[in-house]
Participant: 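There's a structure below that I have some questions on.
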Amino acid sequence: MKNMTLPQVAKAVNGKLYIDGKEYGSDSFTGQDTADVRLSTEAEGVVIDSRLSRENYIFAAVKGERTDGHNYMQSVLAKGALGCICEKLPEGFFDEKQADDDIDTDHGPEAACIHGAYILVESTLKALKDLAAYYRQQIYNVKIFGIVGSVGKTSTKELVASVLSESYRTLKTEGNFNNEIGVPLTLFRISPEHEMAVVEMGISDFGEMERLGAMVKPDAVIMTNIGPCHLEKLGDLDGVLKAKTEVLNFIKPGGLLVLNTDDEKLRSVYEYKKSEFTSETPSLAAGADQALRNIRVASYGKTGEVSYSDVESRGVEGSNFHFTVKKGALSAADKTVPARVHIQGTHMVMNSLAACIAGLEAGMDVFAVTKGIEAARPVKGRCCPNYTDRFLVVDDSYNANPKSMMAAADLMGESEGRKVMVLGDMFELGNDEEKLHYETGAYVAGRNIDLTVFIGKLAKNMFDGYTDKKRISPQNWNKAVYYETKEEFYENLNTCGIREGDTILVKASHGMGFAEIVDKLVEKGTKFRFVKGRENMILDDIMYLLSQTHWACKRSRDTVAKAIENSLCFGILDEYGKQIAFGRTVTDYATMFYVSDVVIDKDHQKMGLGSRFVEFIKSAPELKDLWGFLGTTKASGFYSKFGFEKKDDFFMALPKTNVKGIFNV
């Protein structure tokens with residue numbers, strides 16, 4: 001990490017640096033001390049989880065709800081950490097300027113010291129943000145796209161990153177690292193090899209976006225929409241817009257603001273800019289009006305500079321569409337191009353348009369953009385399909401608000417087969433929460449859903465809205481059931497109306513813990529079970545495959561194994577930032593191998609494992625690259641392991657052989 005030595009870090013966070021009990025820069029810090037190699041070593045990473053700390057990492061000791069990072073400082077130093085950022089020094093640490101009456105100094109400072117490097121600060125969390133802002137200055141050459149909005153941030157982030165990855169080494173926010181802790185940790189992951197970064201920025205109150213913007217200093221910001229989220233603190237839609245537009249003050253001069261002009265509030269911002277600030281002034285954050293004068297804007301939507309047409313929904317399999325780039329700042333001529341997005345929901349077409357603008361802004365041509373859009377896949381908890389033997393479970397459990405709940409209902413209404421929705425409470429909707437739940441339920445009632453299950457205290461209002469709507473329009477009545485708790489739902493799982501062959505979408509606010517429901521449904525839908533204890537045997541074979549990739553060739557088996565165990569399907573990258581897709585977790589992957597027959601296409605470009613895995617292969621085109629090495633000399637040992645001399649023999653045997661036999665498990 002460039003310019004991230006201990007003295008530089010201490011200065012950036014306004015902290016005091018102690019090396020083996022001596023304060024850096026004090027009279028007691030002698031010439032011999034200044035020769036300490038730790039003072040000139042640049043940190044290789046910054047973490048708050050002691051389990052992720054490595055040699056030459058900096059560990060920020062954060063006090064959380066469940067544990068205090070200060071309790072792990074000595075253990076990370078023992079593993080080779082460069083130093084710790086902390087609010088208090090270890091027990092027994094001698095500091096003559098902040099002497100504690102409880103510390104016995106009779107035997108001199110050396111007896112009381114704890115060896116290691118510590119940077120003492122008033123607040124570790126503030127230090128983390130200050131350090132991130134400092135580090136952003138060191139990686140000024142990396143172009144950062146910030147993703148902001150009430151809904152659709154994560155899927156837009158995935159699409160933008162997928163597009164940019166077609167031409168550039170790109171880093172993106174992982175998981176839910178989009179807040180005041182996650183954003184700095186994301187920035188710390190940017191390395192000198194990266195050319196682009198896509199950073200998701202989420203807030204729930206005024207002032208938060210200002211602090212995020214000060215760290216990220218984005219070159220471009222994409223705003224997806226302004227919806228009724230976090231209204232307890234933000235009040236109304238004007239309040240949401242005001243909070244989101246705090247980021248405008250931190251877009252680099254000459255940078256780009258990308259707006260969804262199908263959204264009324266964002267359209268008002270676009271029109272205000274395009275009218276040269278003569279139209280009605282929207283509800284902007286303090287200073288955002290002036291900031292808007294120093295940046296460019298681009299629009300997407302029905303009438304945007306990038307627009308869509310001919311949308312063909314394929315339900316949970318995504319959508320086909322055309323996008324048009326109008327002649328102007330983004331393109332030298334009008335261009336209309338066909339595209340396919342595999343992430344579910346026609347609203348993903350809009351997010352694809354945002355990704356298109358990001359690619360064009362980065363200098364890519366429209367054909368590279370469409371390739372990137374098609375390569376993007378859903379992430380866990382975000383409309384992510386789970387194929388089981390009995391039914392398809394769509395995991396949309398990460399979060400929910402009225403706008404996204406209605407979009408999910410639209411998606412399900414367009415899907416084929418029998419459709420079920422399992423819906424729960426939506427949080428942080430303010431004083432109108434009951435009304436908004438009621439209206440959402442009424443909206444769902446108007447969609448073509450065969451069974452809707454409502455769970456939770458607030459969800460009772462959704463159930464009421466659903467049933468009242470159906471009383472007014474009794475035609476095409478579909479079943480709806482209500483349970484107050486998840487446990488009550490589990491008790492009635494066999495009788496609530498869910499059938500084999502159903503497509504089931506699960507959605508609620510994150511605090512409802514509906515990921516547990518997804519797991520229950522996947523378990524119920526799986527006829528076969530993986531035999532416990534087989535993971536390591538399958539892992540050996542996966543390890544052999546990975547050993548041929550750029551990512552794994554320089555790493556130990558334990559390192560790769562840990563990465564597999566802790567990563568989702570698209571969580572492991574090679575050294576060039578390209579995705580390696582081979583399974584969700586090692587256990588899931590092993591399960592697929594254990595219970596299924598192998599199928600391949602006629603060109604041997606893709607392989608799937610039984611009917612359940614065919615859809616997975618559709619969502620993981622990179623898998624062919626992992627299997628492509630099977631025809632190389634390096635893979636000869638792999639063939640001989642199963643008694644084959646060449647690739648053709650191996651592939652000919654696969655469709656006829658149960659994987660259990662091939663892998664001898």
Participant: Do Val198 and Thr170 have side chains that get closer than 4.5 Å, going by heavy atoms?
Facilitator: yes

Participant: So, taking the atom named CD1 in Ile343 and the one named OG in Ser162, what distance separates them when rounded to the nearest 0.5 Å?
Facilitator: 8.0 Å

Participant: Could you state the interatomic distance from CG (Leu248) to CZ (Arg293), rounded to the nearest 0.5 Å?
Facilitator: 12.5 Å

Participant: Mark yes or no for whether Ser299, through its side chain, and Leu259, through its backbone, hold a donor-acceptor pair below 3.5 Å.
Facilitator: no

Participant: Does the side chain of Leu212 come within less than 4.5 Å of Val247's, by heavy atoms?
Facilitator: no

Participant: Starting at CZ of Phe145, measure out to CD1 of Ile222 and round the result to the nearest 0.5 Å.
Facilitator: 6.5 Å

Participant: What pair of heavy atoms forms the shortest contact from Pro385 to Leu392, and how long is it?
Facilitator: CB-CD1, 3.8 Å

Participant: Hey, mind stepping through Asn3 and Gln137 against side chain to side chain contact (heavy atoms under 4.5 Å, CB included) and telling me if it holds?
Facilitator: CA-CA 10 Å; Asn3 296 330; Gln137 296 172 8; over 6 Å; no

Participant: Between Thr503 and Val394, is there a side-chain heavy-atom distance shorter than 4.5 Å?
Facilitator: yes

Participant: Is any side-chain heavy atom of Phe250 closer than 4.5 Å to one of Met209?
Facilitator: no

Participant: So, the side chain of Thr245 versus the backbone of Leu241: is there a donor-acceptor pair under 3.5 Å, distance only?
Facilitator: yes

Participant: Quick one: do Thr186 and Glu174 satisfy side-chain hydrogen bond (donor to acceptor under 3.5 Å, both in side chains)? Show the steps, please.
Facilitator: CA-CA 8 Å; Thr186 297; Glu174 295 293 347; over 6 Å; no

Participant: Any donor-acceptor pair under 3.5 Å linking the side chain of Lys157 with the backbone of Thr173?
Facilitator: yes

Participant: May I ask you to decide if Val216's main-chain N or O and Arg136's side chain share a donor-acceptor pair within less than 3.5 Å?
Facilitator: yes

Participant: Which heavy atom of Thr224 sits nearest to which heavy atom of Gly152, and what is that distance?
Facilitator: CG2-O, 4.1 Å

Participant: Distance-only, no hydrogens or angles: does the Glu195 side chain make a donor-acceptor pair with backbone N or O of Arg169 under 3.5 Å?
Facilitator: yes

Participant: Is it the case that atom CD in Glu44 sees more than 12 heavy atoms from other parts of the structure closer than 6.0 Å?
Facilitator: yes

Participant: Is there a side-chain contact between Lys302 and Tyr308 (heavy atoms, below 4.5 Å)?
Facilitator: yes

Participant: Between Pro218 and Gly146, which heavy-atom pair has the shortest distance, and what is it?
Facilitator: CB-N, 4.1 Å

Participant: Please report the interatomic distance OG(Ser155) to CG(Leu159), rounded to the nearest 0.5 Å.
Facilitator: 6.5 Å

Participant: Is there side-chain contact between Glu361 and Lys143, with heavy atoms separated by less than 4.5 Å?
Facilitator: yes

Participant: Without swapping roles, check the side chain of Asp263 against the backbone of Asn225 for a donor-acceptor pair under 3.5 Å.
Facilitator: no

Participant: Are Asp49 and Arg54 close enough for a salt bridge, meaning some N to O gap below 4.0 Å?
Facilitator: no

Participant: Does Thr261 offer a backbone N or O that forms a donor-acceptor pair with the side chain of Arg267 under 3.5 Å?
Facilitator: yes

Participant: Quick check for you: to the nearest 0.5 Å, what is the distance between Lys403 atom NZ and Ser150 atom OG?
Facilitator: 7.0 Å

Participant: When you measure from the side chain of Thr370 to the backbone N and O of Phe367, does any donor-acceptor pair fall under 3.5 Å?
Facilitator: yes

Participant: Any heavy-atom pair between the side chains of Lys244 and Met223 that's under 4.5 Å?
Facilitator: yes

Participant: Which atoms form the tightest heavy-atom contact between Asn401 and Cys229, and what is the distance?
Facilitator: ND2-SG, 2.9 Å

Participant: Is there a donor-acceptor pair closer than 3.5 Å between any side-chain N or O of Ser204 and the backbone N or O of His230?
Facilitator: no

Participant: If you count every heavy atom of other residues, nucleotides or ligands that lies below 6.0 Å from Arg51 atom CZ, does the total exceed 12?
Facilitator: no

Participant: Of all the heavy-atom pairs spanning Ala358 and Val160, show the shortest one and how long it is.
Facilitator: CB-CG1, 3.8 Å

Participant: Go through the steps for Val46 and Met1 under the test side chain to side chain contact (heavy atoms under 4.5 Å, CB included), then give the verdict.
Facilitator: CA-CA 9 Å; Val46 180; Met1 302 178 74; 4.1 Å; yes

Participant: So Thr154 and Glu200, side chain to side chain contact (heavy atoms under 4.5 Å, CB included) or not? Walk me through it.
Facilitator: CA-CA 7 Å; Thr154 298; Glu200 185 178 335; 3.0 Å; yes

Participant: Checking the side chain of Arg340 only, and the main-chain atoms of Lys371 only, is there a donor and an acceptor separated by less than 3.5 Å?
Facilitator: no

Participant: What's the shortest heavy-atom distance between Tyr300 and Met350, and which atoms?
Facilitator: CE1-O, 3.3 Å

Participant: Heavy-atom distance under 4.5 Å between the side chains of Asp219 and Leu256, does that happen here?
Facilitator: no

Participant: Run the side chain to side chain contact (heavy atoms under 4.5 Å, CB included) test on Met348 and Asn351 for me, step by step, so that the C-alpha distance in whole Å, both residues' side-chain angles and the decisive distance to 0.1 Å come before the verdict.
Facilitator: CA-CA 5 Å; Met348 292 302 165; Asn351 298 338; 3.3 Å; yes

Participant: Among residues at least two apart in sequence or on other chains, which ones pass salt bridge (charged side-chain N to carboxylate O under 4.0 Å, His left out) with Lys129?
Facilitator: Glu180

Participant: Please determine whether the number of non-hydrogen atoms from other residues, nucleotides or ligands lying under 6.0 Å from atom CZ of Phe177 exceeds 12.
Facilitator: no

Participant: Just how far is it from atom NZ of Lys172 to atom CG of Leu164, taken to the nearest 0.5 Å?
Facilitator: 11.5 Å

Participant: Would you check, one step at a time, whether the test salt bridge (charged side-chain N to carboxylate O under 4.0 Å, His left out) holds for Glu158 with Arg377?
Facilitator: CA-CA 8 Å; Glu158 292 295 322; Arg377 295 296 181 272; over 6 Å; no

